[in-house]
Protein chains: 2
Amino acid sequence: MNFQQLRAVREAIRRGYNLTEVAKVLHTSQPAISRQIRELEEELGVELFVRAGKRLTGLTEVGTVVVPLVENMLLDADNLRRAGEEYAGRDSGRLSIATTHSQARYALPDAVRDFRQRYPQVVLNLHQIPPHQVAEMLLSGEADVGIATEALASYEGLVTLPCYRWTHCVVVPQGHALLDGAPLTLARLAEHPIITYGSGYTGRLHIDDAFAAAGIAIDLVLTAMDADVIKTYVELGLGIVASIAYDPSRDRGLAALDAGHLFAVNLTRLAVRRGAFLRSYVFDFIETFAPPLKRDVVAQALASEPGTQPAEG
Amino acid sequence: MNFQQLRAVREAIRRGYNLTEVAKVLHTSQPAISRQIRELEEELGVELFVRAGKRLTGLTEVGTVVVPLVENMLLDADNLRRAGEEYAGRDSGRLSIATTHSQARYALPDAVRDFRQRYPQVVLNLHQIPPHQVAEMLLSGEADVGIATEALASYEGLVTLPCYRWTHCVVVPQGHALLDGAPLTLARLAEHPIITYGSGYTGRLHIDDAFAAAGIAIDLVLTAMDADVIKTYVELGLGIVASIAYDPSRDRGLAALDAGHLFAVNLTRLAVRRGAFLRSYVFDFIETFAPPLKRDVVAQALASEPGTQPAEG
DNA sequence: TATCCTTACGGAATTCGTAAGCATG
DNA sequence: CATGCTTACGAATTCCGTAAGGATA
């Protein structure tokens with residue numbers, strides 16, 4: 001048993017059982033991958049993959065049992081290497097952040113700029129993905145830090161920490177009827193066509209909940225994954241976006257109305273894989289992004305057992 | 001990085017940093033071990049071991065950080081192999097039990113006999129060790145199952161399950177003054193020299209507690225680690241042993257008096273390493289030994305997170 | 001001086017990549 | 001017939017064990 005074999009198995013699953021593709025990713029020849037998988041199977045005495053003729057098509061029962069172990073070992077190997085780099089005092093390294101458009105576009109730029117300045121040698125990798133994929137990237141080790149508002153809690157394998165709270169606001173074109181100074185209500189919003197986030201994105205759930213609780217039906221004309229798109233189409237009606245997405249100087253043609261009293265407060269969370277070894281620059285980045293998350297706070301959460309951390313902060 | 005290197009590191013720590021010894025244990029030459037350790041250190045860019053001249057003397061700070069990762073990987077590798085054996089339907093394998101004298105001598109024989117009959121191909125390894133070492137052997141992977149009355153709870157890395165409850169009894173030579181039929185009390189016991197288990201063994205704590213709570217001082221003339229020794233010396237006074245240790249047909253010269261009402265009930269526990277892959281014959285053995293511990297009960301406990309299991313059962 | 005680790009070197013074993021073969025959709 | 005896995009084989013690499021060297025208690 002060796003790590004190369006384990007990597008081949010892991011990558012075979014990730015790449016949909018296409019060994020040719022696996023070979024490319026692992027920078028080796030395809031027969032080598034075939035051999036590695038076959039030899040591991042021989043050593044274990046069991047087939048891990050289902051074969052249709054000569055083609056791999058899926059995992060066997062044993063395969064599904066065994067895969068978590070394989071991934072554990074490879075993640076630990078990564079941790080080991082990272083611990084080495086850390087103590088060797090190497091200033092180079094990787095910081096891979098998985099996050100949503102909202103965060104990447106509005107919340108992260110300052111922290112990223114500071115980080116780049118302080119750690120120029122660290123390769124910074126910003127993965128902009130849908131919220132529900134953030135957890136997966138963390139669990140697979142492809143990302144070191146995940147930041148999202150949705151779909152981060154309730155993973156045993158993740159440690160989740162509260163970053164900051166925010167509310168939605170309503171953006172309308174200049175001269176819109178809602179700018180008459182009268183108080184903003186759900187009923188008044190519902191009089192207009194609404195443009196906001198797709199479901200699962202950026203607090204969309206809280207928006208639906210508020211209207212549903214009030215028993216008000218809305219005319220949803222367009223949903224999008226990010227505030228920039230939403231703002232582009234605001235002339236079609238009114239837009240509901242995260243407050244941080246409105247910038248008076250940039251969005252000159254638009255006006256914003258605070259809607260913090262209409263929709264539930266959102267909590268953006270940061271997550272890391274439980275038990276991961278984090279380079280000290282990762283701790284620094286986290287603190288830059290969310291100052292209350294000091295190194296010892298994160299370290300303690302990281303070492304904690306599942307269930308011990310608070311759901312909210 | 002490869003597993004041979006990791007094994008060398010683990011064994012170096014276990015063998016007190018004597019690489020010559022490590023080489024013997026791992027069936028290779030001593031220079032090979034030297035190289036493996038050095039190459040791993042080079043790859044990580046950090047020294048894991050403290051060197052006094054050419055001799056290894058301990059772990060560096062990095063070393064202590066890194067060792068848990070190394071052990072994780074090696075334990076997972078064991079799990080992987082075992083999962084393979086299991087699904088390959090091999091009837092051979094290993095069952096390594098770490099337990100105390102009391103259990104090995106009185107509680108386990110029946111279960112062991114049945115097991116041997118049912119799984120003749122499985123090499124059964126019975127480690128008789130002091131209670132406080134049972135947990136260590138489980139955590140290191142040297143033992144698969146631990147059985148003891150003391151010092152098994154409160155390990156995060158172990159899953160502990162209640163097996164059975166038992167009480168102490170008093171053994172005296174035939175014709176002893178205590179055999180007058182009058183009720184047995186702590187005060188009456190204290191009139192005689194007492195022989196019982198050493199501290200930390202077989203419910204000794206409950207014996208001390210009972211006398212201490214009653215404010216009675218006792219004359220402890222001899223302590224031993226096992227009931228056989230205690231019984232041998234009973235003529236020097238009276239012995240307090242586990243009830244299961246008294247066998248009327250074998251211990252003809254002795255009489256036993258139930259002392260269940262004098263000392264707290266003891267709970268013997270069985271433990272396995274959390275997350276370990278257990279062969280099905282291991283589940284069978286556990287159920288044979290403690291019938292309430294059926295396969296699904298154990299499997300569920302095994303997969304549980306720390307803190308979720310009851311302290312007592 | 002005995003023990004223990006390192007270095008050096010030749011040989012064994014493993015592992016790799018290329019090329020050819022074969023099955024599947 | 002294009003894609004994808006396996007087999008075969010020579011080459012390169014890695015890894016090991018023996019033998020010799022040096023440091024420490």
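In what follows, chains carry the letters A, B, and so on, assigned in the order in which the sequence lines appear, proteins first and then strands, with residues in each chain numbered from 1. As a basis for the values below, the full set of heavy atoms in this structure was taken, side chains included, without hydrogen atoms, waters or symmetry mates.
- For A:Asp144 and A:Arg82, the salt-bridge test passes: some basic side-chain N is under 4.0 Å from an acidic carboxylate O.
- Across the protein-nucleic acid pair, A:Leu56 atom CG and D:dT3 atom P stand 18 Å apart, rounded to whole Å.
- Among the atoms of the strands shown, only primed sugar atoms or phosphate atoms (P, OP1, OP2) are found under 4.0 Å from some heavy atom of A:Arg51.
- Between the C1' atom of D:dA8 and the CZ atom of A:Arg38 lies a distance of 15 Å, rounded to the nearest Å.
- Contacts of residues 57-66 of chain B with DNA chain D (heavy atom under 4.0 Å): none.
- Using a 4.0 Å heavy-atom criterion, one finds that A:Gln5 contacts no nucleic acid atom at all.
- Of the residues in residues 17-33 of chain B, those placing a heavy atom less than 4.0 Å from an atom of DNA chain D are B:Thr28, B:Ser29, B:Pro31, B:Ala32, in numerical order.
- In summary, the aromatic rings of A:Phe3 and B:Phe3 are positioned with their centroids under 6.0 Å apart.
- For A:Arg295 (side chain) and A:Phe283 (main-chain N/O), no donor-acceptor pair under 3.5 Å exists by modelled atom type.
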For residues 121-134 of chain A, dump all side-chain donor-acceptor pairs below 3.5 Å to protein atoms at least two apart in sequence or in another chain.
| from | atom 1 | to | atom 2 | distance (Å) |
| --- | --- | --- | --- | --- |
| A:His127 | NE2 | A:Ser96 | OG | 3.1 |
| A:Gln128 | NE2 | A:His101 | ND1 | 3.3 |

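- The shortest side-chain heavy-atom distance between A:Asn2 and A:Leu6 does not fall under the 4.5 Å cut-off.
- Between the side chains of B:Gln30 and B:Ser34, a donor-acceptor pair is found at a separation under 3.5 Å.
- Distance A:Ile37 CD1 to D:dG4 P: 15 Å, rounded to the nearest Å.
- Axis deviation across the helix from C:dT1-D:dA25 to C:dG25-D:dC1 amounts to 40°, comparing end segments of five pairs, rounded to 10 degrees.
- A:Tyr119 and A:Asp284 share a side-chain donor-acceptor pair at under 3.5 Å.
- Ionic pairing of A:Arg10 and A:Glu71 is not present here: no N-O contact between side-chain nitrogen and carboxylate oxygen is shorter than 4.0 angstrom.
- The distance between atom CD of A:Glu41 and atom P of D:dC5, rounded to the nearest whole Å, is 13 Å.
- Salt bridge annotation for A:Arg51-A:Glu47: present, with a cationic side-chain nitrogen under 4.0 angstrom from a carboxylate oxygen.
- Atom CG in A:Asn2 sits about 19 Å away from atom P in D:dT13, given to the nearest Å.
- Checking side-chain atoms of B:Gln103 against main-chain N and O of B:Ile147 turns up no donor-acceptor pair under 3.5 Å.
- OP1 or OP2 of C:dT6 lies within a sub-4.0 Å distance of a side-chain N or O belonging to B:Ser34.
- A:Arg35 comes within 4.0 angstrom of a nucleotide base, judged by non-hydrogen atoms across all strands.
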Under 3.5 Å between N/O atoms: give me all the protein pairs with nucleotides 22-25 of chain C, atom names plus distance.
| from | atom 1 | to | atom 2 | distance (Å) |
| --- | --- | --- | --- | --- |
| C:dT24 | O2 | A:Arg55 | NH2 | 3.3 |

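- Here C:dC4 presents its P atom at 16 Å from CZ of B:Phe49, a figure rounded to the nearest Å.
- One finds no salt bridge joining A:Arg105 and A:Asp226 here, because no Lys/Arg side-chain nitrogen approaches an Asp/Glu carboxylate oxygen to under 4.0 Å.
- Salt bridge A:Glu11/A:Arg7: absent, no basic N to carboxylate O contact under 4.0 Å.
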Verdict with reasoning, B:Leu270 to B:Val145, per side chain to side chain contact (heavy atoms under 4.5 Å, CB included)
CA-CA 7 Å; B:Leu270 181 147; B:Val145 173; 3.8 Å; yes

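- With sequence neighbours excluded, no residue forms a side chain to side chain donor-acceptor pair (under 3.5 Å) with A:Thr57.
- One finds a side-chain N or O of B:Gln36 lying less than 4.0 angstrom from the OP1 or OP2 phosphate oxygen of D:dC16.
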